[in-house]
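Hydrogens, waters and symmetry mates play no part in the numbers below; they use all other heavy atoms, side chains included. Throughout, a chain's letter reflects where its sequence line sits, starting with A, and its residues are numbered from 1.
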Amino acid sequence: MTETQAGIQAAEEMAAVEERSVDSAVSLRGITKRFDDVVAVDNVNLDIADGEFFALLGPSGCGKTTTLRMIAGLEFPTEGSLTIFGDEVGTLPPNKRPVNTVFQNYALFPHMSVLDNVTFGLRMQGVSKSEAKQRATDAIAMVQLEGREQRKPSQLSGGQQQRVALARALVNRPKVLLLDEPLGALDLKLRQQMQGELKSLQRELGITFVFVTHDQEEALTMSDRIAVMNEGLLLQVSDPESLYERPVNRFVADFIGQTNLLDATAEADNTVCLANGVRVAVDHDLAIGTKLALCLRPERASVVADADGDAAQTTAGHYLPGVVKRVTYLGTDRIYDVALDWMELEVREGNRPGSGRFVEGDRVNVIWEPDSVAVVPDDGSSTGADRS
Amino acid sequence: MTAVGPSVEPRGLPRFAMRANAWLVYLFFYAPIFLLIVFSFSDDRLVGRWGGFTLRWYGEFANNSEVQQSLWVSVRVAVLSTLVAVVLGTLAALALVRFRFFGKKVFDALLYLPVIIPDVTMAVMMLLFFTRLFDVLDDTFGLQLAKGFGSIVVSHVAFNISFVSIVVRARLEGMNETLEEAAVDLYATPWQSFRYVTFPQILPGIAGGALLALTLSLDDVVISQFVAGPGSTTLPVFVFGLIRRGVTPMINAVSVVMLVASVTLVVLSLVAQRSRDAAGSDG
Amino acid sequence: MTAVAERIDEPVGVADVERQAARERRRRGFLLALPAYAYLVFFFALPLVAVGVFSFATRNRFGGVDLAEWNLDSYRKLGEDIVFDILLRSFSLALLTTAICLVLAYPFAYFIATRSETVRNVMLVFVLIPFWTNFLVRNYAWRLLLGNDGPVSQVSQLLGLGEVRILFTPLAVVIGLVYSFLPFMILPLYAAIERIDWRLVEASRDLYATGRQSWTKVVFPLSMPGVIAGSILVFVPSLGAYVTPEILGGAKTTLLGSYIVSQFLTARNWPAGAALSMVLLTVMLMTTIIYFRSGGRNL
């Protein structure tokens with residue numbers, strides 16, 4: 001990270017600490033969690049706005065679940081301050097917090113009926129039996145499980161258990177709903193359906209949802225904003241589009257969607273020099289000589305026949321010659337793996353009639369528009385550039 | 001592993017009480033054993049008083065021919081009944097876990113009974129049975145049989161089969177059945193798949209079952225007392241008789257020897273199991 | 001394709017082969033079980049029947065048994081004051097033992113189950129060692145401790161509390177029984193608590209339960225199989241205990257186990273002893289049925 005960037009970020013953090021916006025539902029300041037010698041969450045600063053659908057995204061072991069558990073009160077931070085609607089909750093036990101959790105694999109009480117599960121939280125808060133039952137019945141209706149009140153959790157399907165878990169949490173009218181991989185145990189079809197339902201439920205209720213997932217597609221689909229974590233660090237917080245278009249480093253670029261990362265060095269006049277010496281024009285404000293990577297999404301590049309190279313260069317600005325190594329047919333798209341002399345690029349082309357068709361061994365040029373690449377600093381945070 | 005957060009751990013007084021209770025339970029478990037060992041070295045005719053260090057009670061124990069004799073009976077009973085019970089119990093476990101057969105449910109129930117039946121009831125059962133059996137044999141065949149070494153071994157096998165089969169069964173149930181299918185897929189005959197796949201896997205279970213059988217056989221007082229004959233007194237029965245007549249410091253010494261023997265057996269089995277597990281996870 | 005064609009041609013043949021293979025497996029299973037099966041039928045089930053038969057028999061004048069005259073005399077004896085007292089005392093001492101074991105073992109088992117894996121294994125080993133040590137020796141150790149000149153009494157005198165006379169009282173018997181059977185309570189409890197999904201506890205805390213509420217509403221109900229299994233494993237052997245009351249109890253505190261033994265070895269009233277054994281057996285069977293009814297799997 002360059003000095004200027006670090007400076008800007010530090011300044012932003014300072015500003016955030018001072019402001020601590022009044023309307024943020026959950027606010028983390030310098031939150032660190034250590035288990036013995038392992039740092040699970042490392043100095044995280046985060047504000048989640050009221051009414052937001054917020055995702056914590058990252059690979060397993062990145063600290064996202066620990067962060068969620070600290071908000072729930074199931075773990076206590078080693079350092080830092082954690083507020084929910086302005087109230088410091090640092091070491092407050094979970095039963096004293098205005099948040100509820102939908103647990104991974106739901107954690108439904110196996111010895112209680114659906115109704116008893118849903119009324120549990122209300123009864124513990126001292127709500128009268130009749131009122132608890134009324135509210136639980138409403139909540140069960142909301143998740144469309146009428147008539148199954150007396151079933152035991154083991155008598156329900158995975159999707160139904162998921163709904164019970166949701167009703168059990170929402171019946172308490174929490175200020176913030178926490179969801180730990182809520183859809184992880186469902187099959188693809190059901191998961192997609194539930195994604196839509198969760199999203200509209202959140203819009204309807206206006207409650208802040210904070211959900212943890214390792215599935216970047218799920219995060220992009222559902223969230224207003226996404227926080228990407230890796231190895232305990234918070235890497236980037238932004239809306240799905242900025243996350244995809246302007247990742248802050250190689251890890252984020254690589255983790256969100258498919259990407260080609262081309263190593264390069266910054267030069268003056270908004271140009272960078274690729275590893276093979278080709279110069280490419282991009283917007284950047286980096287010091288000359290800085291190592292960086294160009295993030296070129298597969299669908300932003302196209303493949304043209306070698307003979308068209310010169311013409312393409314004049315219209316599109318950039319081209320790199322190579323050989324088609326593999327063609328994968330996906331129905332809607334075709335994926336070309338193109339071998340350059342120094343790396344391999346993935347290009348995804350829409351499957352429209354008349355679009356160029358190439359076969360293995362064809363000599364081609366890969367072309368792209370200058371404004372369709374993002375520059376990420378080469379901070380060595382890449383964990384798997386060859387992720388396929 | 002699911003993370004266990006702090007909400008599982010009680011706070012304040014309950015937390016303190018729980019910790020204190022744990023230490024008290026251990027104190028309760030070990031203080032009597034520890035004091036018994038200490039007093040077995042005490043040079044005082046009164047069993048519970050310290051009178052300086054001595055080894056003379058161990059010497060007395062070593063020179064007591066009755067103790068020697070009953071010890072020898074005990075060891076033979078334990079080893080013999082364990083051997084028989086291990087073979088029969090392992091076969092029974094295999095049959096119950098891997099096969100379906102006529103009368104399986106009855107067999108299953110029959111295997112559980114000896115585990116939960118009180119000693120005294122089992123002792124009564126065996127006494128009545130052997131008395132009646134020997135009467136019948138005498139009347140019909142003129143066979144003159146008497147209770148003794150044989151009837152003790154037979155009775156011990158009867159309860160040990162169940163314990164062995166339960167331990168081996170648990171191990172078999174934890175074992176992946178696809179391993180055997182893989183062996184058969186790789187051209188093993190049923191016998192070869194048992195010999196080279198199943199058997200090595202359940203061996204720790206068999207060893208554990210055998211150890212349990214040995215311990216139970218060496219522990220038993222009541223049943224042995226009921227079905228023993230002249231000259232076939234086991235060590236626990238002999239020591240029990242001594243205690244009832246009045247305690248002497250020699251009993252302390254005998255007890256410590258029995259204690260050391262049983263602890264050694266446990267430690268050996270733990271070590272064996274651990275090294276086997278380590279070898280398994282390395283391979 | 002040919003295989004399919006063959007199947008269609010000879011459906012009966014395929015079914016036959018399958019049926020034969022199943023029969024062969026069943027035969028193999030039966031043969032494996034047979035040695036133990038036969039052994040237990042002959043040397044366990046038959047003796048069990050023998051106890052039943054003898055309990056209906058009559059004692060003759062020479063201390064022998066007449067099997068020919070069946071009657072309920074021995075069972076009527078259960079109503080006599082002496083026998084009834086013994087039954088009552090045995091049941092109450094066994095219940096007390098079970099209760100004490102439960103109170104000691106539950107927090108202990110919970111403590112072990114919530115430790116890290118390494119600590120847990122070490123703690124379990126130190127429970128197993130007394131569990132495996134010789135039963136007679138363990139009871140004898142208390143005889144030594146509780147004697148009138150024993151260490152407990154000496155300590156109490158040093159503290160100015162005077163001589164302790166516990167030995168040969170019901171209290172000594174209860175201490176001995178708790179000491180003998182506590183591991184039988186700890187181990188099933190541990191197994192049941194360890195199996196609890198801790199996220200359920202977290203879920204209850206998340207749903208506003210206090211620590212105490214989450215224990216009564218979630219942990220305890222879920223550990224119920226362990227509570228029942230442990231209670232049976234302590235109650236049944238305590239009720240039939242013989243060695244412990246013989247070593248630690250006095251002449252005035254005869255319990256069921258000792259009384260049964262005396263019917264055989266001294267009073268020579270075998271039918272009465274057999275009838276009392278039937279009482280023990282009935283209790284054992286009833287508790288076991290309760291356990292399996294309550295959803296327990298195995299003890």
Student: If I measure from the heavy atoms of chain C, does B:Phe39 come under 4.5 Å with its side chain, its backbone, both, or neither?
Tutor: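 For B:Phe39, side-chain heavy atoms alone lie under 4.5 Å from chain C.
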Student: Given that the side chain runs from C-beta out, which part of C:Leu145 has a heavy atom under 4.5 Å from chain B: side chain, backbone, both or neither?
Tutor: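 Contact with chain B: side chain only.
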Student: So what's closer than 4.5 Å to chain C heavy atoms on B:Val154: side chain, backbone, both or neither?
Tutor: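 B:Val154 touches chain C through backbone and side-chain heavy atoms alike.
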Student: For B:Phe129 and C:Phe42, take the angle between the two ring planes, folded into 0 to 90°, and tell me which bin it lands in: parallel under 30, tilted 30 to 60, perpendicular over 60.
Tutor: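 Perpendicular, since the angle between the ring planes exceeds 60°.
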Student: Does a side chain donor of either B:Thr215 or B:Asp219 reach within less than 3.5 Å of an acceptor in the other side chain?
Tutor: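 Short answer, no.
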Student: Please look at B:Leu24 and chain C and tell me whether the side chain, the backbone, both or neither of the residue comes under 4.5 angstrom of a heavy atom of that chain.
Tutor: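 Neither the backbone nor the side chain of B:Leu24 comes within 4.5 Å of chain C.
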Student: Would you mind checking which part of B:Val157 comes under 4.5 Å of any heavy atom in chain C, side chain (CB onward), backbone (N, CA, C, O), both or neither?
Tutor: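 Answer is both: backbone and side chain atoms of B:Val157 are under 4.5 Å from chain C.
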Student: Which atoms of C:Gln154 are under 4.5 Å from chain B, going by heavy atoms: the side chain, the backbone, both sets, or neither?
Tutor: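 For C:Gln154, the contact with chain B is made by the side chain alone.
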Student: So which part of B:Pro190 gets closer than 4.5 Å to some heavy atom of chain C, the side chain, the backbone, both or neither?
Tutor: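 Just its side chain gets close to chain C.
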Student: Side chain from CB out, backbone as N, CA, C, O: work out which of these in C:Leu276 comes under 4.5 Å of a heavy atom of chain B, or both, or neither.
Tutor: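 The answer is neither part of C:Leu276.
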Student: Please state whether the side chain, the backbone, both or neither of C:Val41 comes within less than 4.5 Å of a heavy atom of chain B.
Tutor: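 Looking at C:Val41, backbone and side chain both touch chain B.
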Student: Are B:Phe28 and C:Tyr179, when compared by the centres of their aromatic rings, separated by less than 6.0 Å?
Tutor: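 Judged by ring-centre distance (under 6.0 Å), B:Phe28 and C:Tyr179 do meet the cut-off.
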Student: Given heavy-atom pairs under 4.5 angstrom as the criterion, report whether the side chain, backbone, both or neither of B:Asn252 touches chain C.
Tutor: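 Both parts, backbone and side chain.
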Student: If I measure from the heavy atoms of chain B, does C:Arg115 come under 4.5 Å with its side chain, its backbone, both, or neither?
Tutor: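 Interface part for C:Arg115: side chain.
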Student: Could you tell me which portion of C:Ile260 (side chain, backbone, both or neither) has an atom closer than 4.5 angstrom to a non-hydrogen atom of chain B?
Tutor: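 For C:Ile260, the side chain is the part near chain B, not the backbone.
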Student: Heavy-atom distance under 4.5 Å to chain B: side chain of C:Leu265, backbone, both or neither?
Tutor: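 Answer is side chain: those atoms of C:Leu265 sit under 4.5 Å from chain B.
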Student: Look at the rings of B:Phe163 and B:Phe159 and say which category their plane angle falls in: under 30° parallel, 30 to 60° tilted, over 60° perpendicular.
Tutor: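 Perpendicular, since the angle between the ring planes exceeds 60°.
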Student: Could you tell me which portion of C:Val49 (side chain, backbone, both or neither) has an atom closer than 4.5 angstrom to a non-hydrogen atom of chain B?
Tutor: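 Neither part, no heavy atoms under 4.5 Å.
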Student: Using non-hydrogen atoms only, which part of B:Ile161 is less than 4.5 Å away from chain C: side chain, backbone, both, or neither?
Tutor: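 For B:Ile161, the side chain is the part near chain C, not the backbone.
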Student: With a 4.5 angstrom heavy-atom cut-off, is it the side chain or the backbone of C:Arg212 that approaches chain B, or both, or neither?
Tutor: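 For C:Arg212, no heavy atom lies under 4.5 Å from chain B.
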Student: Using modelled atom types only, decide if a donor and an acceptor are shared between the side chain of B:Tyr26 and the backbone of B:Ala31 within a distance under 3.5 Å.
Tutor: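 Looks like no, no N/O pair under 3.5 Å.
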Student: Measure distances from B:Leu96 to the heavy atoms of chain C and classify the residue's part below 4.5 Å as side chain, backbone, both or neither.
Tutor: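 B:Leu96 has no heavy atom closer than 4.5 Å to chain C.
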Student: Under 4.5 Å heavy-atom distance to chain C, tell me which part of B:Leu113 shows up: side chain, backbone, both or neither.
Tutor: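 Interface part for B:Leu113: both.
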